[in-house]
Amino acid sequence: MTAQLPALQIAIPLLGAFITPLIGWHRPRLAGLWALAVLAGAAALAVALLMQVTAHGPISYHLGNWAPPWGIAYAVDHLTVLMLLLITGIGLMAFLQARPAVAVSMPGREPYFYTLFLLQVTGLSGIVITGDMFNLFVFLEISSLSGYALIALGEDGAPLATFNYIIIGTVGACFYLLGVGYLYIVTGSLNMADLANLLPALYHSKVVLVAFAFFTVGVAIKMGLFPLHTWMPDAYTTAPAPASALIAPLMTKVAAYVMIRIMFTVFRPEFDIGVIPVATILGWMAVIAILVGGIKALAQTDLKRMLTYIMVAEVGYIVMGISVMNRPGLTGAILHIMNDACMVACLFLVIGALAHKGIPRTISELGSLNRKMPFTMAAFVVAALSMCGLPPACGFFSKWYLVQGTVAAGQWVFAGTLLVSSLINAVLFFRVIEKAYLAPGGGHGHDDQQHDDGHGTANVVRDEAPAAMLAPILIMAALILVLGPFSGTIIDAVISHAVPAAF
Amino acid sequence: MTDTVISTRPLLAVLVSFAAGMLILATGDRRPNLREGWTIAAALIKFGLVVSMIPTVLAGKVITCRLLTLLPGVELVFRVDAFGLLFGVIAATLWIPTSFYSIGYVRTLNEHAQSRYFFAFALCLSSAVGVAFAGNLLTLLICYEVLTIATWPLVIHHEDGAAIMGGRKYLVYTLTAGTGLLLATVVTYSLAGTLDFTPGGFLAGHAPDGLLMLLFVLFIAGFGVKAGIMPFHEWLPTAMVAPTPVSALLHAVAVVKAGVFGCVRVLLFVFGPNLLRELGIWQAMAGVAAFTVVAAGLLALGQDHLKRRLAFSTINNLALILLGVTLLSENAIRGGILHIANHAFMKITLFFCAGAIYAKTHKDHVSQLDGLGRQMPFTFAAFTIAAMGLSGIPPVNGFISKWFLCLGAVQAGELLFLFVILTSAMLDVAFFFPIIFNGFFREPRPDVAPRIDEAPLIMVIPLCATAAFSVLFGIMPDAVLHFFSITTHAVQQVLGG
């Protein structure tokens, strides 16, 4: 049984997705519980895989017992289990919040939403688990198509944003597919491990170079790396809150995972540095992404839209960590994939709770929110401080490694960019915190006219989101605080194995 | 090598106020007496824990509590040496009077958001003691940043325009500084592979001089912001919009001293006296500190707002501490470190007095205090004692530390800086004594009560107590809390005696 875990990791959510509408036709309520059980099962499998990999090392699973390179192999290593945990864990949290939310926002259509949700989780899990380049494309399409559908369910403007996303996203996927095709032409293989052995002899082949270029651009589109990010703010802002809490934290991170896979597993670091200067190019693109993302975020009045621009900057962080090509840098990038996924998930879950309570997302209208929703806002503050890179939240530690990586590479401009960006984030988030926590209008110092506890708060009643929506928010906030101090342990046990030995 | 004792006491001392903070939030505004009970209980337990470490440290041992590995070779570790203990004892001790005083203050003025206030206060104390006991730069940085954030709700407490602007200014200064510190710490780690504080420093020989100087500037600018070194001092007078107990404990003791503490850690435990002498950079640093001493003294003269005047006096004294430590002679370092403790007791008394006056009469300008000494004799007597101490007049404890600072300047052969220290004492007289004169000798204003009418006892007793301790430590510097012995230990460790 334990030998089949990698297959089950995909099979369970995939089959679960198809069964969901069948159940939904008869018992709509039951469909939600079914999907929840499926996601919980997937998360449990991810934990089991984590234990297996940390105890016995990477697993290579041959689907249908066809030996690679002919059959499809699932390669489960340390980086994979980390990503699986993130995908299933955040998926579960987002789903906990999604159930009450879609019951209100799309009554009668819940089972279809759940199906798409599970397909999205399947697609993302498949991307990270597979060891086959073409199979990865298939899962990329599963996640993209379900993602388009989920986003299109959103508010006014969502269909247009989705159309935009489909056009750009499809170009990205096609580029990726072209890259796979080119590699297949010169090597006759689709298996990543096999390619890694075959490619070094062909590093100077024009075909390989073009394939690599296609990969990079295609993946950069999917991860929203500046200047290919233009689809992202619209799509994620207009997406329904329960969908954006799933897609926003994970899609960009999974794409970053693909970039790491291609650059460090399929190709070797020597190629990325020596054959074409892709590392340098990515590094400077990251600088621009971080600065432009931050500046654009400053200009936003809509909280959710502001977060999407911050995500543009955060993608820049990860790419910068990859681009410096050393151990602390890549450690920081992988750590930031994990940390940023948790932070973004927490923030989008908060947005979900606000949306559920019908609170406008305009930052200037968030006054007194801390009295109305104290727990939600406390979680928001935790995630916000983490985004600013303040200890002991986890954001501090990934920032530490990223800065260390840039310093080790002698890239002082990169280091400066990271530091400036965390200050920009501080401005962004304290603007929101100030608004939400400080009394509107001000002047509530020590006024003797009012009664003991009635300092302008009399008209604000506590009105928290229901427990089912609040619980995932608080869990993510607690996770943000816990992951920070334990990052040393996590790096030791998992991430250090994911960094190439050459570093 | 010093003996190491493994103990969880440092961790407990840090966590006790954090736990109290959580309990305070859980209790909320509904049961204020229970909520304040948590504060008092935590303050007493913290004091007991910290004081219980004094004998061990005086026996030449170091108390260590290792928690987690954060980076290869760097742990989250609390390590109590003499210098750290000194700061820890000061913060823990003064939290007790401040707690009582705070209760009196917020209730007299009927302040809003009291739970948030006491919660943030407890969190500040947690992180301040964390700063004191941090065993390496990363642990220090973590606690330092938590302190930065925990102080913000206290600065913006009044939630009016001035408070929000003060809060923004505070964040801009301190978060930028924190960013600089992060970079400096990362570079240090990249160069040396370790961040553990070592008496006498660990950076020597790890990098070319130019890079070391750059690093030094980054560190000192980073910690110097909280320490109010010019030109990074501007946030401190602005932050005086905070309620007075906040100004008293945080902007005279915990927060600003954390900045000074960080500077001293960097000077003596990261760079080390020998490296500083080699680089010759201590002279520049001493110059900046001396300039701050004099300039802050002069600026204080012009402040009519009492708390702003006290804030400039704080800047002046913090720079004096740094000046002493940068002079690098044995007596100067001793005077500087001792002044961390002595200044704390005196300055907190002064702020307590300012708060008591404000709570009783809503007066906060020096020019409004005419004759108020007759109405509030205890408050003004305490104020006079503390002001005398800061001016270096015996038998108050300020005299002792200034004496050693002067000796140190002579020992270092820097007569110019001796002149600066003496000038500063004269400036202290110039800006403190008009207040005392107004209070006792001017004709009372019509609104001054003809008989003794003090602030509530819960405020007056703490300020009398801190004033009394200032005098006690002036006569017997080693009484009760052993500040003098602890300082001597710290100096010996650094200078390798």
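Being a predicted model, the structure only gives us computed values, none of them experimental. All values below were derived from every heavy atom in this structure, side-chain atoms included, with hydrogens, water molecules and symmetry-related copies excluded. Chain identifiers are assigned alphabetically (A, B, ...) following the order of the sequence lines, protein sequences preceding nucleic acid strands; residue numbering begins at 1 within each chain.
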Would you be so kind as to tabulate the donor-acceptor pairs closer than 3.5 Å made by side chains of residues 131-142 of chain B, with sequence neighbours excluded?
residue	atom	partner	partner atom	Å
B:N136	OD1	B:L138	N	3.2
B:N136	OD1	B:T139	N	2.8
B:N136	OD1	B:T139	OG1	2.6
B:N136	ND2	B:E75	O	2.7
B:T139	OG1	B:E75	O	3.4
B:T139	OG1	B:V77	N	3.4

Roughly how far, to the nearest 0.5 Å, is CD1 of B:I149 from SG of A:C388? 7.5 Å

Considering non-hydrogen atoms only, spot the tightest contact between A:Q404 and B:V186 and give its length. CA-CG1, 3.4 Å

Where does A:I491 contact chain B at under 4.5 Å (heavy atoms): side chain, backbone, both or neither? neither

Given that the side chain runs from C-beta out, which part of B:L175 has a heavy atom under 4.5 Å from chain A: side chain, backbone, both or neither? both

Examine whether an atom of B:T185 lies under 4.5 Å from a heavy atom of chain A, and if so say whether it belongs to the side chain, the backbone or both; otherwise answer neither. both

Mind listing the closest non-hydrogen atom pair of A:V407 and B:S190 along with its distance? CG1-OG, 4.0 Å

Is the closest side-chain heavy-atom distance between A:W412 and B:V187 below 4.5 Å? yes

Heavy-atom side-chain proximity of A:D492 to B:T69 below 4.5 angstrom: no

Any chance OH of B:Y173 has more than 12 other-residue heavy atoms, nucleotides or ligands included, within less than 6.0 Å? yes

Salt bridge (charged side-chain N to carboxylate O under 4.0 Å, His left out) partners of residues 165-176 of chain B, not counting sequence neighbours, each pair once: A:E434-B:R168, B:K169-B:E234

Which region of B:Y189, side chain (C-beta onward) or backbone (N, CA, C, O), has a non-hydrogen atom less than 4.5 Å from a non-hydrogen atom of chain A, or is it both or neither? side chain

Segment of A:I490 engaging chain B (4.5 angstrom heavy-atom cut-off): neither

Taking every heavy atom of A:A415 against every heavy atom of B:L183, the minimum-distance pair comes out as CB-CD1, 4.3 Å

Rounding to 0.5 Å, atoms CZ (A:F486) and CG (B:L68) come to a distance of 5.0 Å

I'd like to know which of B:V146, B:L182, B:L76 tops the heavy-atom pair count under 4.5 Å against chain A. B:L182

For a 4.5 angstrom cut-off between non-hydrogen side-chain atoms, does A:Y401 reach B:L71? yes

In short, A:L438 meets B:I156 closest at the heavy-atom pair CD2-CD1, 3.3 Å

Would you say that B:W152 contacts A:I433 through its side chain, given a criterion of any heavy-atom pair below 4.5 Å between the two side chains? yes

Hey, which of A:P485, A:A393, A:A408 has the most heavy atom pairs under 4.5 Å with chain B? A:P485

